[in-house]
Amino acid sequence: RKEVEQDPGPFNVPEGATVAFNCTYSNSASQSFFWYRQDCRKEPKLLMSVYSSGNEDGRFTAQLNRASQYISLLIRDSKLSDSATYLCVVKDNNAGNMLTFGGGTRLMVKP
Amino acid sequence: EAQVTQNPRYLITVTGKKLTVTCSQNMNHEYMSWYRQDPGLGLRQIYYSMNVEVTDKGDVPEGYKVSRKEKRNFPLILESPSPNQTSLYFCASSSDSGRVANEQFFGPGTRLTVL
C-alpha cells in the first residue's frame, strides 16, 4: 500500500466547474500537509499548506481530517490555467524535512 | 533571483558511464534533496542533506551517491548508470530543516536516459 494515495484521474471538467480531489495517507505520525501543483514536464511548486482547521486561498480550499487520515483540495470556478497535476504531500516532522508525495491527480479544464 | 539550478537538463548516456548531475541553490537553504519521478510511481526521494557534510538515504538510494561539501551545492552521482535509472530527476531545497516544513523549491528537472 502506498503511503500517500491519490486518484490519478484525469478529471475532465468545463471552465467554471467546481472540482474536488482527495488524498489519503497511511503514516499516522504525519504532521504537515501540502498541495503542490505540477505542470507538464515542469517542476512541482507549492500551491498551499493544509492546516487542521482548513484553509482557503482564493478559489482553493484545503481540508484535513486527521482521524480519517484524509486531505482534500477544492477548486471553485475552474480556469483553463488550473489544468495541471496536483500532488498531495505529507511530512513527518520527526523524520527531518522528508516529504512523501502522492502520485498526483491530473486535472484538465476544458473551454 | 532565488532559484535552484540543475545541469544538465537533458542527458542521454550509456550503461556504465559515470555521470554527475549538479544542483545549486542561491537561497542559503540548509536542506537539499534529490527525487526521481517515474510514471505511475510519483516522486520518490533518493537522498537528502540536512546541512553541509550531512547526508542520508531516502526511499530509493541504490545506485546513487551524493555529497554536500558546500551549502549551495548538492551533486547527484551515478557511478555506473543502468537503464532502470532512466527517469526525470529533481533537486529541491528548503530552509529550516528541523521544524515545520517550509516550502521546498524545486529545480527545473534533469531528464536522463540510460541506453
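Side-chain atoms are counted along with the backbone in the values below, which use heavy atoms only and exclude waters and symmetry mates. Chain letters run A, B, ... following the sequence lines, proteins first, then strands; residues in each count from 1.
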Item to complete: Assert yes or no for the condition that the ring centre distance of A/F21 to A/Y86 is strictly below 6.0 Å.
Response: yes

Fill in: Which of A/P44, A/P8, A/G104 touches chain B most, by non-hydrogen pairs under 4.5 Å
A/P44

Discussion item. If we define contacts as heavy-atom pairs under 4.5 Å, which of A/Q38, A/Q31, A/R41 has the most with chain B?
Written reply: A/Q38

Worksheet entry | Max heavy-atom pair count under 4.5 Å with chain A, selected residue of B/S33, B/G107, B/G40 | B/G107

Worksheet item: Under a 4.5 Å heavy-atom cut-off, does chain A meet the side chain of B/R111, its backbone, both or neither?
Response: side chain

Worksheet item: Rounded to the nearest 0.5 Å, what separation is found between the OH atom of B/Y47 and the CG atom of B/L76?
Response: 9.5 Å

Worksheet, complete the sentence: Heavy-atom closest pair (B/H29 atom, B/F105 atom, distance to 0.1 Å) is CE1-CD1, 3.5 Å

Worksheet entry | A/S32/A/F34 under side-chain contact (heavy atoms from CB on, under 4.5 Å): CA gap, chis, key distance, verdict | CA-CA 7 Å; A/S32 303; A/F34 311 89; 3.7 Å; yes

